[in-house]
Amino acid sequence: MARAHPFDLDAFLARPLTARLATAGPTVRPVWYLWEGGAFWVLTGPWARLLARVTADPAVALTIDTCDPATGEVRQVIARGEAERVPFDVPRGRRELSRYLGGDESRWDPRFTGYLHDDPAERGTVWLRIAPTSLVARDLSYTPAHAPAGTASE
């Protein structure tokens, strides 16, 4: 049974926000993600300590939040689950990276286009798929004192 959330969860998670991913240690790091098919997808590889950490202990927590004092929007999503290593696929990589870098790949920094054009097996690029076992969304928005009534996010 799907749980009701106080705002459109899919629309919120489709925004190009940075998540913070916590692993055992504890260690917290900012990550880009793609929310797709009820799971978070995080691109990683041997160049980052993240892959070794979740290989040793796949339990993770992830938070995505906003705090905009100008509008009063304060929203948060907190997810927990296990990171599953999944082979990298270019179409999903393109969907994730274009969220953050825009649709024109010719304007991307070469280190990002390499993920799409290099051999993932040679580079070691993989996905971490996190299907939440727990997901909580909260809307803590407020009306800023300096804003006219009715302008805060609802």
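Computed over heavy atoms, backbone and side chain alike; hydrogens, waters and symmetry mates excluded.
Taking the six-membered ring for Trp and thresholds of 30 and 60 degrees, F12 and F7 have ring planes more than 60 degrees apart, a perpendicular arrangement.
One finds no salt bridge joining R99 and E36 here, because no Lys/Arg side-chain nitrogen approaches an Asp/Glu carboxylate oxygen to under 4.0 Å.
Inter-residue side-chain proximity for L50 and V42 is flagged as met; some heavy-atom pair is nearer than 4.5 Å. Looking at R92 and R129, their side chains never come closer than 4.5 Å, going by heavy atoms from C-beta outward. Using a 4.5 Å heavy-atom threshold, the side chains of L21 and I130 count as touching. Using a 4.5 Å heavy-atom cutoff, the side chains of F112 and L43 are not in contact. Proximity of V54 to T44: side-chain heavy atoms (C-beta onward) are nowhere separated by under 4.5 Å.
When E73, R75, R15 are each tested for a side chain to side chain donor-acceptor pair (under 3.5 Å) with T66, only one passes: E73.
We find the CZ-CG distance between F88 and L116 to be 5.5 Å, quoted to the nearest 0.5 Å.
The nearest pair of heavy atoms linking A22 to V28 is CB-CG2, 3.9 Å. The two atoms that bring G124 and P46 nearest to each other are O-CD, 3.3 Å, heavy atoms only. Heavy atoms only, all atoms of each residue included: F40 and L135 are closest at CE1-CD1, 4.2 Å. In plain terms, the two heavy atoms of V74 and C67 that are nearest each other are CG2-SG, 4.2 Å. Shortest non-hydrogen contact noted between P144 and G72 is CG-N, 3.6 Å. Nearest heavy atom pair, residue A137 against residue V77, reads CB-CG2, 4.2 Å.
Heavy-atom contacts from other residues, nucleotides or ligands closer than 6.0 Å to CZ of R20 number more than 12. At most 12 heavy atoms of other shown residues, nucleotides or ligands fall within 6.0 angstrom of atom CZ in R85. Around CZ of R94, the count of heavy atoms belonging to other residues, nucleotides or ligands within 6.0 Å exceeds 12. By the 6.0 Å contact criterion, CZ on R95 is enclosed, its count of non-hydrogen atoms from other residues, nucleotides or ligands being greater than 12.
Placement of W32 and I78 in two distinct hydrophobic clusters is found when ILVMFWY residues are connected by side-chain heavy-atom separations under 4.5 Å, directly or transitively. Hydrophobic clustering (ILVMFWY, side-chain heavy atoms < 4.5 Å, transitive): V86 and L34 are in one cluster.
Applying the side chain to side chain contact (heavy atoms under 4.5 Å, CB included) test to T27 and every residue at least two apart in sequence or in another chain returns T23, R29, R53. Residues passing the side chain to side chain donor-acceptor pair (under 3.5 Å) test with D8, sequence neighbours excluded: none. A59 meets the side chain to side chain contact (heavy atoms under 4.5 Å, CB included) test with D57; sequence neighbours excluded.
Judged by distance alone, with hydrogens and angles left aside, the side-chain atoms of W35 form no donor-acceptor pair with the main-chain N or O of A11 at under 3.5 Å. Using modelled atom types, no side-chain atom of W41 and backbone atom of W127 make a donor-acceptor pair closer than 3.5 Å. A side-chain donor-acceptor contact under 3.5 Å links Y100 to the backbone of Y33.
With hydrogens and angles left out, the side-chain atoms of D139 and S141 include a donor and acceptor closer than 3.5 Å. With 3.5 Å as the limit, one finds no donor-acceptor pair spanning the side chains of T113 and E105.
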